[in-house]
Amino acid sequence: IIPLLLFIIFKKRFRAHAKPFFLGLLAYGAFSFCLVNIVNGLLLMFVDPTGFSTPLIFIYSLCTQIIGVLIGQIGKYYALRILKNDANPNKYAMRGEAMVFGAGYGGLELVLTVGVTMASYFSYATIMVNGQSEAFMENLSGADLASVQSIFDTLANTTSMDYMSLLLQGLAMFLFQLGSSLLVFRAVFGSGANDKAYLRLAIIFHIIMIVPGCFVSAGIISNPWFQTILMLIFSIAVLVYGYDKIKEYEKQHVADMVNAAKGKKTIHFK
């Protein structure tokens with residue numbers, strides 16, 4: 001609901017087109033989901049993390065996450081270049097297109113990570129509540145049985161606050177992807193000498209965003225709210241910063257179009 005609702009709001013508020021939204025969906029699916037999973041799957045063929053110590057688990061988790069960050073943010077960059085290369089260069093050059101793209105990209109991540117997970121938990125919880133868990137597991141064996149038993153154990157031992165933490169983490173990542181998409185958009189569409197640096201900035205911000213989760217994954221910090229609170233604060237900060245920079249870009253871009261219409265040459269001073 002959240003991604004679709006924001007898509008409608010951004011489309012009406014900024015008169016944005018629908019193409020960037022669907023391009024954002026495609027970019028996440030192709031790069032951050034498919035390609036990242038393929039690369040990490042290949043990595044697992046050569047590295048077995050099951051016997052790692054806590055520091056090595058943290059390093060391994062951080063390295064795999066950084067791979068995902070690089071693929072995801074660079075994938076955004078090249079997806080947005082498709083919009084820039086349109087026959088009408090100004091058609092997708094406004095901030096509304098950036099907002100819609102970010103809603104599509106971050107929205108699909110929200111659906112596939114939090115939405116699918118919670119839907120799966122809900123279906124298994126229904127089986128438990130109806131007292132059908134033992135009958136359900138009678139036809140399972142081996143790895144399937146162990147996997148389902150693990151899910152039932154997780155549901156039985158997880159508190160409502162833990163689920164709330166999971167939902168808020170997903171929301172924080174969505175807000176971050178929206179903000180970082182604005183920065184990557186400026187890196188693609190900006191005409192200033194320093195605008196390309198915003199892609200590097202989006203990558204650095206994303207690496208900072210994943211560090212708390214690596215601490216939790218390695219067991220260095222066991223409280224999930226440590227990750228949740230830091231992610232929320234940082235994601236809101238990145239969104240505010242990204243929105244300020246995209247407004248700054250749009251003001252400059254509109255001035256350039258006006259000057260071009262008047263036949264004036266625009267010089268940018270940095």
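This one's a predicted model, so the numbers in the text were calculated from it and none came from an experiment. Just so you know, these numbers use all the heavy atoms, side chains as well, and skip hydrogens, waters and symmetry mates.
Taking 4.5 Å as the limit, some side-chain heavy atom of L6 sits within range of a side-chain heavy atom of F174. Side-chain contact between H253 and N90: present, with at least one pair of heavy atoms (C-beta onward) separated by less than 4.5 Å. Taking 4.5 Å as the limit, some side-chain heavy atom of Y241 sits within range of a side-chain heavy atom of L201. Put simply, the side chain of F33 reaches to within 4.5 Å of the side chain of L112, judged on heavy atoms. Annotation: side chain of T54 is not in contact with side chain of F58 (no heavy-atom distance under 4.5 Å). Y163 places a side-chain heavy atom less than 4.5 Å from the side chain of M118. With contacts defined as side-chain heavy-atom distances shorter than 4.5 Å, the pair F101/L182 does not qualify. Using a 4.5 Å heavy-atom threshold, the side chains of P49 and L44 count as touching.
Going from atom CD1 of I246 over to atom CZ of F189 covers 9.0 Å, rounded to the nearest 0.5 Å. Here the straight-line distance linking atom CG of L43 with atom CD1 of I67 works out to 5.5 Å at 0.5 Å rounding. The structure places CD1 of I210 at 7.5 Å from OG of S61, a figure rounded to the nearest 0.5 Å. Of the inter-residue distances, the one linking I71 atom CD1 with I66 atom CD1 reads 12.0 Å to the nearest 0.5 angstrom. Taken from OG in S32 to OH in Y105, the straight-line distance is 2.5 Å, to the nearest 0.5 Å. Rounded to the nearest 0.5 Å, atoms CG (L232) and CD1 (I229) are 8.0 Å apart.
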Let me see the working for I2 and L171 under side-chain contact (heavy atoms from CB on, under 4.5 Å), right down to the final yes or no. CA-CA 9 Å; I2 291 175; L171 180 61; 4.3 Å; yes
Residue pair K76, S180: steps toward the side-chain hydrogen bond (donor to acceptor under 3.5 Å, both in side chains) verdict: CA-CA 10 Å; K76 281 184 189 177; S180 63; 2.7 Å; yes
With side-chain contact (heavy atoms from CB on, under 4.5 Å) as the test, would you mind laying out the steps for Y243 and L178 before giving the verdict? CA-CA 9 Å; Y243 190 74; L178 186 57; over 6 Å; no
For W225 and M161: C-alpha separation, side-chain torsions, deciding distance, then whether side-chain contact (heavy atoms from CB on, under 4.5 Å) applies. CA-CA 9 Å; W225 284 97; M161 292 302 293; 3.6 Å; yes
Apply side-chain contact (heavy atoms from CB on, under 4.5 Å) to the pair F205 and F234, showing each step before the final yes or no. CA-CA 9 Å; F205 284 164; F234 188 69; 3.9 Å; yes
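Linking ILVMFWY side-chain heavy atoms closer than 4.5 Å, directly or via other members, places F226 and V211 in a single hydrophobic cluster. Criterion: ILVMFWY side-chain heavy atoms under 4.5 Å apart, direct or through other members. Under it, L110 and L108 are part of a common hydrophobic cluster. M209 and F215 fall into different hydrophobic clusters, where Ile, Leu, Val, Met, Phe, Trp and Tyr residues are linked whenever their side-chain heavy atoms come under 4.5 Å apart, directly or through other members. Cluster membership for I204 and V188, using ILVMFWY side-chain heavy atoms within less than 4.5 angstrom, is not shared. Residues V258 and M94 share a hydrophobic cluster, clusters being chains of Ile/Leu/Val/Met/Phe/Trp/Tyr side chains in contact below 4.5 Å.
At least one donor-acceptor pair closer than 3.5 Å links the side chain of D195 to the backbone N or O of S191. A side-chain donor-acceptor contact under 3.5 Å links R186 to the backbone of K245. Panel note: side chain T64, backbone Y60; a donor-acceptor pair is recorded below 3.5 Å. No donor-acceptor distance shorter than 3.5 angstrom exists from the side chain of Y92 to the backbone of N85, with no hydrogens or angles considered.
Heavy atoms of other residues, nucleotides or ligands lying less than 6.0 angstrom from NZ of K196 number more than 12. Enclosure of atom NZ in K251 is not indicated, since only 12 or fewer non-hydrogen atoms of other residues, nucleotides or ligands lie within 6.0 angstrom. Annotation: I1, atom CD1; neighbour count of heavy atoms from other residues, nucleotides and ligands within 6.0 Å does not exceed 12. Enclosure of atom CZ in F52 by more than 12 non-hydrogen atoms of other residues, nucleotides or ligands within 6.0 angstrom is indicated.
With sequence neighbours left out, the ring-ring contact (aromatic ring centres under 6.0 Å, His included) criterion links Y78 to no other residue. Taking D162 as the reference, T159 meet the side-chain hydrogen bond (donor to acceptor under 3.5 Å, both in side chains) condition, with sequence neighbours excluded. Residues meeting the side-chain hydrogen bond (donor to acceptor under 3.5 Å, both in side chains) test with Q65, sequence neighbours left out: none.
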Show me, pair by pair, the donor-acceptor contacts under 3.5 angstrom made by side chains of residues 148-158, not counting sequence neighbours?
| unit_1 | atom_1 | unit_2 | atom_2 | d |
| --- | --- | --- | --- | --- |
| Q149 | NE2 | D153 | OD1 | 2.9 |
| T154 | OG1 | S150 | O | 2.9 |
| N157 | ND2 | D153 | O | 2.9 |
| T158 | OG1 | T154 | O | 2.4 |

Can you give me every donor-acceptor pair (side chain of residues 120-131, partner residue at least two apart or in another chain, under 3.5 Å) with its distance?
| unit_1 | atom_1 | unit_2 | atom_2 | d |
| --- | --- | --- | --- | --- |
| S123 | OG | S120 | O | 2.7 |
| T126 | OG1 | F122 | O | 2.8 |
| N130 | ND2 | T126 | O | 3.1 |

Distance-only check: which donor-acceptor pairs under 3.5 Å involve side-chain atoms of residues 7-30, not counting sequence neighbours?
| unit_1 | atom_1 | unit_2 | atom_2 | d |
| --- | --- | --- | --- | --- |
| H17 | ND1 | E97 | OE2 | 3.0 |

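In this structure, the ring of F176 has its center less than 6.0 angstrom from the ring center of H206.
In this structure, a donor-acceptor pair under 3.5 Å is present between the side chains of Q169 and S165.
A side chain to side chain contact (heavy atoms under 4.5 Å, CB included) with L199 is found for exactly one of V184, L80, L183, namely V184.
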